[in-house]
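Notes follow once the structure below has been shown.
Quick note on labels: first sequence line is chain A, next is B, and so on, each numbered from 1.
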Number of protein chains: 2
Amino acid sequence: MSFRILIVDDEPALQSMVREILTQAGYETLSALSCAQALEQFRAAPPDAVLLDVMLPDGDGFSLFGKLRENRDMPVLFLSARDEDADRLQGLGLGADDYITKPFLPQELLLRLRAVLRRVYREEGSASKLGDAEIDWGKGTVRRDGREAALTAKEYALLRKLWDARGNIVTIDALCAALWDGPLVGYENTLMVHIRRLREKIEAEPSHPSYLLTVRGLGYRLNVEGGT
Amino acid sequence: MSFRILIVDDEPALQSMVREILTQAGYETLSALSCAQALEQFRAAPPDAVLLDVMLPDGDGFSLFGKLRENRDMPVLFLSARDEDADRLQGLGLGADDYITKPFLPQELLLRLRAVLRRVYREEGSASKLGDAEIDWGKGTVRRDGREAALTAKEYALLRKLWDARGNIVTIDALCAALWDGPLVGYENTLMVHIRRLREKIEAEPSHPSYLLTVRGLGYRLNVEGGT
DNA sequence: GGGTACCTTAAGATTAGCTTACTTTTTCCC
DNA sequence: GGGAAAAAGTAAGCTAATCTTAAGGTACCC
């Protein structure tokens with residue numbers, strides 16, 4: 001199972017060095033030289049983890065961090081040349097998974113990344129169980145009593161967002177924000193249609209869902225405890 | 001939710017300092033001054049995470065690490081005075097979740113611990129206790145003697161408003177403002193109905209409330225001190 | 001004991017969400 | 001580049017959970 005790691009750093013030398021290290025270790029890498037590129041890459045295909053430099057040409061890593069985490073609670077490790085206490089505390093305080101200062105040992109970077117990935121994607125590998133349905137994130141498919149259904153891009157994003165918050169209510173606004181950029185109004189009905197289609201793939205009885213539950217007036221919630 | 005953290009270090013000064021930091025932050029602490037003590041503590045009651053010094057009187061932290069992880073895959077963060085590359089790599093290579101070198105900032109220790117705990121025990125939507133009722137804000141439910149009741153949107157907003165001001169009186173006007181936009185007149189009676197319904201979910205005797213109290217002429221007040 | 005403030009219940013109204021079919025857009029393959 | 005198939009978006013009628021109204025009842029305070 002190969003993880004896709006997004007490297008956000010504007011120094012070409014460091015970019016290629018890190019890419020080299022990760023590739024050697026069997027990871028798949030994506031590159032971004034600026035905040036804008038990072039967001040673009042992220043939207044195109046969200047990575048499994050992000051290595052993020054604090055200083056970027058078009059903004060600082062901290063605010064980029066906020067934008068990324070808004071969408072997905074994925075592992076983020078800061079890489080920074082600045083070893084000021086204040087910076088480290090800020091980065092970690094925001095909720096980063098690690099803060100590594102340059103220069104660093106290639107080996108240490110790998111180990112720290114591995115430590116985080118191990119916790120986040122522990123036993124799941126790239127599959128998750130949802131009652132009698134099995135989600136394969138890598139392939140983007142759902143299996144239920146033998147049948148395998150492929151998820152569309154929107155369905156995938158929707159399920160992922162709900163899965164990240166599994167057990168908890170996710171507001172309609174948050175879901176719309178995860179599926180579309182720009183103004184999050186006017187898509188409520190479309191969202192419902194996607195919810196329906198997703199239910200048809202993961203639920204035994206789409207009209208009486210056991211997992212993807214409606215919480216009227218508040219949003220939707222992915223019920224993890226075996227359904228009824 | 002309080003985590004039990006085991007601190008393994010033979011310097012009494014550092015022991016008490018770390019204990020102080022963690023206690024302040026709301027964690028429960030356990031202490032061990034040696035490998036033997038650590039294993040004993042572990043057997044008696046496995047902690048949720050371990051802070052582990054590398055140098056101990058009766059053995060090194062690395063081998064203790066192995067013994068602990070053999071039994072349980074819990075978070076372990078090394079604390080060490082030795083900042084040799086080789087040590088860091090060894091610690092992380094074994095599968096530790098972090099490796100922090102002394103001296104460290106108390107704040108950083110807390111943040112790094114928090115980062116790991118967040119991943120391992122994915123915090124479920126923070127729960128609040130209200131006497132014998134338990135509110136799960138993430139799920140939008142209330143549990144009382146085994147039974148779980150889902151809150152409606154209005155009930156949720158109402159309870160939230162009262163909880164935010166728990167202990168203090170909230171005026172009818174303030175509650176109406178929280179539940180409806182626009183002019184806050186004409187809804188007083190409706191509010192009462194919602195209060196009633198909320199009481200039916202959180203109170204043992206809705207007509208003789210212990211928590212959601214009426215303050216005649218002023219408003220309502222959420223009584224936090226476990227009523228009876 | 002009278003008045004006011006709050007409670008309680010049930011029935012009716014409302015509206016958030018469901019469902020289905022249809023249209024438009026995108027993707028992919030020749 | 002063009003045509004087919006898949007995905008995404010739109011619309012409209014429907015359903016039922018939830019909210020609101022209303023009317024009679026109860027407790028508290030002077």
Side-chain angles (χ1 to χ4, degrees), chain A residues 43-45 140-142 148-159 161-162 169-176 178-203 205-222, chain B residues 140-142 149-159 161-162 169-203 205-221:
Chain A
R43 262 194 276 276
T141 58
V142 175
E148 189 171 73
L151 295 171
T152 70
K154 291 274 188 271
E155 284 159 13
Y156 185 93
L158 183 54
L159 184 52
K161 182 77 183 172
L162 287 163
I169 295 169
V170 185
T171 64
I172 308 254
D173 282 4
L175 289 171
C176 283
L179 296 202
W180 297 279
D181 323 313
L184 35 76
V185 288
Y187 280 104
E188 293 83 356
N189 184 256
T190 309
L191 174 67
M192 260 177 232
V193 176
H194 287 298
I195 291 270
R196 167 67 183 185
R197 288 180 183 149
L198 185 52
R199 277 176 173 159
E200 278 169 0
K201 292 181 183 173
I202 63 174
E203 298 278 358
E205 291 181 88
S207 296
H208 300 94
S210 332
Y211 307 116
L212 209 176
L213 308 179
T214 301
V215 186
R216 201 168 225 267
L218 297 175
Y220 293 90
R221 185 171 79 80
L222 205 62
Chain B
T141 57
V142 175
L151 296 170
T152 69
K154 288 275 189 285
E155 285 159 11
Y156 187 93
L158 182 55
L159 183 52
K161 182 78 182 170
L162 286 162
I169 295 169
V170 185
T171 64
I172 309 253
D173 282 4
L175 289 172
C176 284
L179 296 201
W180 295 278
D181 323 314
L184 35 76
V185 288
Y187 280 104
E188 293 82 358
N189 182 251
T190 309
L191 175 65
M192 263 177 230
V193 176
H194 288 299
I195 291 272
R196 166 67 183 183
R197 293 200 177 125
L198 187 51
R199 277 174 174 160
E200 278 169 359
K201 290 181 183 173
I202 64 174
E203 298 279 358
E205 292 181 87
S207 295
H208 300 94
S210 341
Y211 308 117
L212 208 177
L213 308 179
T214 301
V215 185
R216 213 182 153 82
L218 296 173
Y220 294 90
R221 186 171 76 81

Using atom [atom1] of [X] as one end and atom [atom2] of [N] as the other, report the distance to the nearest whole Å.
X: A/Ile195; N: D/dT10; atom1: CD1; atom2: P; result: 17 Å
X: B/Leu151; N: D/dT18; atom1: CG; atom2: P; result: 11 Å
X: A/Glu205; N: C/dT19; atom1: CD; atom2: C1'; result: 16 Å
X: B/Met192; N: D/dA27; atom1: CE; atom2: C1'; result: 13 Å
X: B/Glu200; N: D/dT18; atom1: CD; atom2: P; result: 14 Å
X: A/Leu191; N: C/dG17; atom1: CG; atom2: P; result: 10 Å
X: A/Leu198; N: C/dT19; atom1: CG; atom2: C1'; result: 16 Å
X: A/Leu158; N: D/dA8; atom1: CG; atom2: P; result: 11 Å

Quick one: is [N] close enough that its OP1 or OP2 comes under 4.0 Å of any side-chain N or O from [X]?
X: A/His194; N: D/dA7; answer: no
X: B/Thr214; N: C/dA5; answer: no
X: A/Trp180; N: D/dG9; answer: yes

Among [options], which nucleotide has an atom closest to any side-chain atom of [X]?
X: A/Thr152; options: D/dC29, D/dA8, C/dA16; answer: D/dA8
X: B/Asn189; options: C/dC7, D/dG9, D/dT18; answer: C/dC7
X: A/Tyr220; options: C/dC18, D/dT20, C/dT15; answer: C/dC18
X: B/Ser207; options: C/dT8, D/dC19, D/dT10; answer: C/dT8
X: B/Arg197; options: D/dA8, C/dA16, D/dC19; answer: D/dC19
X: A/Ala153; options: D/dA8, C/dT19, D/dT21; answer: D/dA8
X: B/Arg196; options: D/dA8, D/dA17, C/dT9; answer: C/dT9
X: B/Arg199; options: D/dT20, C/dC7, D/dG9; answer: C/dC7
X: B/Arg216; options: D/dT18, D/dC29, C/dT9; answer: D/dC29

May I ask you to test the [X]-[Y] pair for a side-chain heavy-atom distance under 4.5 Å?
X: A/Leu218; Y: A/Thr171; result: no
X: B/Ile195; Y: B/Arg199; result: yes
X: A/Leu212; Y: A/Leu159; result: no

Plane angle bin for A/Trp180 and A/Tyr187 - parallel if under 30°, tilted between 30 and 60°, otherwise perpendicular: parallel

Sugar-phosphate, base or nothing in reach of B/Thr190, heavy atoms under 4.0 Å: base

Interatomic distance, B/Thr141 atom OG1 to A/Ile169 atom CD1 [nearest 0.5 angstrom]: 8.0 Å

Donor on one side chain, acceptor on other, A/Ser207 and A/Arg196, under 3.5 Å: yes

